[in-house]
Amino acid sequence: MKLFPILGGIHPDYRKERTSEKAIVAMPMPATLYIPLQQHIGAPAEVLVAEGDLVRKGQMIARNQGTVSASQHAPTSGRIKAVTEVAAPHPSGLPQMTIVLESDGKDEWADLPEPIADPFTADMHTINDRVAQSGIVGMGGAAFPSAIKLNLGEQKKLEILLLNGAECEPYLTCDDRVMREYPDEIIDGARIMAHALGTPRIVIAIEQNKPQAIGIMTKAASAFPEIRVVGVPVQYPMGSERHLVQAITGRETPARKLTADLGVVVHNVSTTRAVHHAVRFGRPLVARVVTVSGGAIREPNNVLTPIGTLVSDLVEFCGGFAVRPESVVNGGPMMGQPLPSLDVPVVKGTSGILALTAEEINDSQTSSCIRCGNCVTVCPCGLSPIDMASFIRKDKLDGAAKLGVMDCFSCGSCSWVCPSHIPLVHYFNYAKGALNDLERERSKGDRVKIFVESRTVRLERAAEAKRATLAARKPASDNAAPGNAAEAKPAPTTEEKANA
Amino acid sequence: MWIAIGSLTVMGLVMGGLLGVAARFLAVEENPLEEELKSMLPGSQCGQCGYVGCSQYAAALAKGEAAVTLCAPGGKVLIESLAKKLGVKADLSEHEEKVPEYAFIHEDLCIGCTRCIRECSSDAIMGANKLMHTIIIDACHGCGKCVPVCPTDAIVMIPYKVTLRNWHWPKPEIEQAHSEHEVEHAH
Amino acid sequence: MSDRINIEVVYALPHEQVLLKLQAPQDTTVDGAIRLSGILEKHPEIDPGRNKLGIYGKLTKADAVLRDRDRVEIYRPLLADPKEVRRKRAEEGRAMKKGGGESAA
């Protein structure tokens, strides 16, 4: 299959060998689980349980609400200890509403929805409803509710379901292991999703540094002529949805458009496997494989982790820290975010927990820009990082916006390559947030303006009515004809208002 | 060589001519400055600038009678764009960027007197005589004029809470020895 | 203009305010607008028979006919007894403020 080049990119030290040969192990059920109502992009789910309720594994404990949302399920059986605010697995450490579940140790399944007998004859809504009902979100990290992405087939003509097995972030091996250990489940899930989407073709893209996964997936897919397994070049950020689509189709997704506009829908391989579980067994998403690695971890591993497990419990399961980590990162080292505390839960989008040493982070002193242009060369979005950063440093956010800072997806290639260690991607993360703030303020200002304007109209209307009443009263008192006054009084200004 | 000089001269003349024509026919009619300034202001008529409303402040700005730094809701962004528009230098040393706030009524203290309602320029307070008054946060522009008129001190200003939804990384603080000229020829 | 009017229905709680914009036929009443807005489904605690109703701060009967751009407001009762609040403040030695009448003028 012909592949197409993508722009820029880097070749970091991958360090995947620490966990790539470690088979997935299930960790024992922790005594307490913390299930946030929001583990996804969109609105938080609506709580269905209260303190003291007994629940069983797989039971829905929070329902999706609004157009973009995902439901949450009990990862084991037990008692609801509280519904309260708990620190989120987020760099801010801010709290979010979380269901606290005490395991009863029985791990007893609830009555699950019936398997969908023959998904390939089922109507797309049956499959999408099941995916929505099972709380499945994109497991590559973005955590976008999968059922919504499956509905795209209704609105757009789709050609390809692209399975993302690139796993281009250093250290992470969870997708690699899932592909090597559960190829048939991935392929079954993919075929079900392709059926729901109406895509005639399935392409499974895997970076060439995972030859075993490519081999195993190719073998598993050989029975299905519509599926192609493709080894893509090892080039960070190949696993970015837009870049992977470009590598496969040669077409670039325009800014603020979806890959679906090019006829391609991308799903992560682990997401696909979750769909297989939901459709074939009625099992919701209650656990995921997490790569626990980094120089500070005593026993790096790929761990099947119940959703809601505290990072501290997971680290404990992996032998704890051999040395004090400089930073504990949620996700990969390039795009992952540091965790301010270990007392936060693993969620559906947690692909890795990395405890990195100071040497691995290489946080050197920033020095002057030497105008080498490397950041421009590696930017996979064709942006000019140093120019954007210059604007941001001088608080000229609109200048950075004009250069396209909102199109930056924070892959971090520019920071990685910068010989002067300028924290380029930090500037962009800040600028994107600050620009969003401004936009929110602007739209709030516009809304208030509407209130003020309608108040002005209302006051004018009232004044008008008053004048009319006064004008009517005068002749009325002169002529002593009360009939006139009565007629004029009920402020009949409807037409004037309509014109106003 | 004469061909090159000739063709470039012709191209220069033709393109220059086109630009001239475009400048004439596609010219945007200049709005009066006052209108333009008014459209830049928030339009919430809060009066924090000391003028009755945004139109009056715009008029004063146009006449050069008012400083560009008076509009609190507009913040630094507005100050900078007003300064740019008027071709003056904004003195930001005095300016304290205000955290956006909204008014909140403590229900156990509200006696339903309607004084705050009469004070609000954006109809952001809902209530009637001897009935509970409530702020419609979406309509509140945080001017704080309702706070002093409340006879029972039931109204307080609350800064918008930082949540997971609106949190973002702060600006990197590491001051690198970036030479200034490097920034200049970036644009 | 058309035979429909633009109106709003508002119900406000301290931490959640519902403001519904809708188009209603001419001659819609206050009560009719509330039913049309669907707010009763979202907030079943509202009883149009018991909650006092108004338009822009003025109490209104439920059968009053609306005009274009009216804002129908569903009020809640006070929690405090105004007399009690006044007495308490007097005890604490804090005078009731006269309000901002003078300063605003």
Assert top hit (heavy-atom pairs under 4.5 Å, partner chain C, pool B:Gly112, B:Cys116, B:Gly127, B:Cys113) equals B:Gly127
Return the minimal non-hydrogen interatomic distance between B:Met126 and C:Val10, and the atom names on each side.
-> SD-CG1, 3.4 Å
Shortest non-hydrogen contact from C:Gly57 to B:Ala128?
-> O-CB, 3.5 Å
Once you round to the nearest 0.5 Å, how far does CG of C:Leu13 lie from CD of B:Glu107?
-> 8.0 Å
If you look at every heavy atom in C:Arg71 and B:Ile125, which pair is closest and at what distance?
-> NH2-O, 3.8 Å
Measure the shortest side-chain to side-chain distance between B:Phe104 and C:His15 over non-hydrogen atoms and say whether it is less than 4.5 angstrom.
-> yes
Could you state the interatomic distance from SG (B:Cys110) to CG (C:Leu78), rounded to the nearest 0.5 Å?
-> 5.5 Å
Is a side-chain N or O of C:Gln17 found less than 3.5 angstrom from the main chain of B:Asp138, in a donor-acceptor match?
-> no
To the nearest 0.5 Å, how far apart are NZ in C:Lys83 and CD1 in B:Ile111?
-> 12.0 Å
Which atom names give the shortest non-hydrogen contact between B:Leu109 and C:Val85, and what distance separates them?
-> O-CG1, 4.3 Å
The interface call for B:Leu131 against chain C, heavy-atom contacts under 4.5 Å, is both
Flag if over 12 foreign heavy atoms under 6.0 Å of NZ, B:Lys38 | no
Hey, is CG on B:Leu8 packed in by over 12 heavy atoms from elsewhere, all under 6.0 Å?
-> yes
Measuring from B:Asp123:CG to C:Glu73:CD, what's the distance to the nearest 0.5 Å?
-> 8.0 Å
Using modelled atom types only, decide if a donor and an acceptor are shared between the side chain of C:Arg76 and the backbone of B:Thr134 within a distance under 3.5 Å.
-> no
Measure the spacing between NZ of C:Lys58 and CD1 of B:Ile117 and express it to the nearest 0.5 Å.
-> 9.5 Å
